[in-house]
Amino acid sequence: MIPITFQNVTKSFHLHGGQRLVREHVMHFFRDWKKERFYALKHVTFHVNPGESIAVIGPNGAGKSTLLSLVAGLSQPDEGAVEVNGRLADLLELGAGLHPDLTGDENVRLNALLLGLSRKRTRELFGEIVEFSGIGDFISEPLRTYSTGMIMRLAFSVAVNVDPEILLIDEVLAVGDAAFQQKCFQRIRQFRRSGKTIVCVSHASGMVQELCDRAIWLDHGEVLMTGPILEVTEAYAASRIAAQCAIAGR
């Protein structure tokens, strides 16, 4: 079964255009809605094979995070179809699902349940999650007493220990100190070796070249190129250099 399939997917967002008077809102309501929308993705088609690690690259505003949000089920396409098969864990907005008034212990158990683990399996993994996070005795304290780094480490630990079949990564590996970052990379490498499916968004070409087999290059919501990771990242890097040279030569 194919883990991830995009078939002719288009996703747009309404442009608010700042503050308006009531009469201006009414006027815009009756105008052609297509003129008031930003297209983040345009007719995107691709699939990710079982056990494949794929990078999504492109400049800011290319549609990379929108693509991941569709895979994660955080939004729905305007047109086309997105199909995802397998338990999924995302590292998109670490800490977003944690509650500041609950303890670290309570947040781990709640977050694991939301990610699809049974109470029994959560109890079995609890010690491993806490140990990986390095939170220590703070696990019994309310989350509001944690630093931002501690919250991100705890959220990362929950996500990577639920044994997902599909892992989504979006520029979140700058969590904690260098030692913890190395633990994160080791765990992701372990996922790759065990045949999990990984979709990674990053501007760090070295990281995606190490972690991924294939790449999709997005620009203004459209797929410009897809293929082996080195081939696509090198083509993208060359295009960026050419664009900078063109600007400098004006």
Side-chain angles (χ1 to χ4, degrees), residues 1-5 48 50-51 53-54 65-77 82-176 180-181 183-201 211:
M1 185 176 292
I2 303 297
I4 301 171
T5 302
V48 184
S53 299
I54 189 166
S65 294
T66 299
L67 185 149
L68 285 191
S69 73
L70 289 169
V71 177
L74 300 177
S75 61
Q76 298 298 317
V82 176
E83 184 176 350
V84 178
N85 298 296
R87 181 160 60 194
L88 182 148
D90 66 73
L91 307 178
L92 306 185
E93 295 183 24
L94 287 178
L98 304 181
H99 197 290
D101 292 329
L102 299 180
T103 65
D105 180 324
E106 292 167 333
N107 270 295
V108 167
R109 299 180 191 280
L110 176 60
N111 210 229
L113 290 173
L114 292 174
L115 288 171
L117 289 189
S118 65
R119 293 180 185 273
K120 177 182 178 182
R121 186 58 179 153
T122 301
R123 287 194 298 270
E124 293 171 350
L125 289 174
F126 183 80
E128 185 176 348
I129 292 171
V130 175
E131 181 181 0
F132 189 92
S133 72
I135 297 300
D137 293 339
F138 277 91
I139 196 64
S140 299
E141 299 298 323
L143 207 71
R144 63 175 178 271
T145 66
Y146 287 26
S147 68
T148 301
M150 292 170 66
I151 293 172
M152 294 180 71
R153 283 159 52 190
L154 188 63
F156 184 97
S157 299
V158 174
V160 298
N161 279 287
V162 299
D163 194 27
E165 295 165 302
I166 302 169
L167 183 66
L168 307 182
I169 306 171
D170 186 9
E171 297 281 16
V172 297
L173 293 182
V175 294
F180 188 78
Q181 289 178 33
K183 286 173 65 176
C184 295
F185 278 112
Q186 289 174 354
R187 181 56 61 92
I188 293 170
R189 292 187 191 102
Q190 181 182 330
F191 274 118
R192 188 181 183 191
R193 289 193 298 268
S194 63
K196 307 292 187 181
T197 299
I198 299 174
V199 180
C200 178
V201 164
L211 294 178

### Query
Checking side-chain contact (heavy atoms from CB on, under 4.5 Å) for the pair R189/L211: CA distance, chi angles, key distance, verdict?
CA-CA 7 Å; R189 292 187 191 102; L211 294 178; 4.2 Å; yes

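- Across all non-hydrogen atoms, the minimal contact from P164 to L167 is CG-CD1, 4.4 Å.
- Residues P3 and N85 fail the side-chain proximity criterion, which asks for heavy atoms closer than 4.5 Å.
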### Test log, rule side-chain contact (heavy atoms from CB on, under 4.5 Å), inputs M150 and T145
CA-CA 10 Å; M150 292 170 66; T145 66; over 6 Å; no

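- Going from atom CZ of R119 over to atom CG of L117 covers 12.0 Å, rounded to the nearest 0.5 Å.
- Residue-environment remark: CG (D137) stays at or below the threshold of 12 foreign heavy atoms within 6.0 Å.
- Side-chain contact check for E128 versus E131: every heavy-atom pair is 4.5 Å or farther apart.
- Of the inter-residue distances, the one linking K183 atom NZ with S157 atom OG reads 6.5 Å to the nearest 0.5 angstrom.
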### Task
Decide yes or no on side-chain contact (heavy atoms from CB on, under 4.5 Å) for F191 and V160, but give the supporting numbers first.
CA-CA 9 Å; F191 274 118; V160 298; 3.9 Å; yes

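- One finds the CZ atom of F132 at 5.0 Å from the CZ atom of R187 (value rounded to the nearest 0.5 Å).
- For R153 against I135, the heavy-atom pair with the smallest separation is NH2-N, 4.2 Å.
- Here N107 contributes atom CG and L98 contributes atom CG; the two are 4.5 Å apart, rounded to the nearest 0.5 Å.
- Nearest heavy-atom pair, I166 versus G86, reported as atom, atom and distance to 0.1 Å: CD1-O, 4.2 Å.
- In this structure the side chain of I169 never reaches within 4.5 angstrom of the side chain of V201, judged on heavy atoms.
- Between I2 and V48 there is no side-chain heavy-atom pair separated by less than 4.5 Å.
- Side-chain contact check for T103 and S140: no donor-acceptor pair (N or O, by modelled atom type) lies under 3.5 Å.
- A salt bridge links R121 to E124: one of the charged nitrogens lies within less than 4.0 Å of a carboxylate oxygen.
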### Task
Please assess L143 against H99 for the test side-chain contact (heavy atoms from CB on, under 4.5 Å), listing each intermediate value before the final yes or no.
CA-CA 7 Å; L143 207 71; H99 197 290; over 6 Å; no

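- At a threshold of 4.5 Å between non-hydrogen side-chain atoms, the residues I198 and I188 count as touching.
- Using a 4.5 Å heavy-atom cutoff, the side chains of P142 and L102 are not in contact.
- Two residues are said to be in side-chain contact when any heavy atoms from C-beta on lie closer than 4.5 Å; S65 and D170 meet this criterion.
- Although no hydrogens or angles enter the test, the distance criterion places no donor-acceptor pair under 3.5 Å between the side chain of S133 and the main chain of L154.
- At distances below 3.5 Å, at least one donor-acceptor pair connects side-chain atoms of E165 with backbone N or O atoms of R87.
- Nearest heavy atom pair, residue T122 against residue A112, reads OG1-CB, 3.6 Å.
- Between the side chain of Y146 and the main chain of F138, a donor-acceptor pair closer than 3.5 Å is present.
- You'll find the side chain of R109 reaches within 4.5 Å of the side chain of R123, heavy atoms only.
- L70 and P77 get closest at one heavy-atom pair: CD2-N, 3.6 Å.
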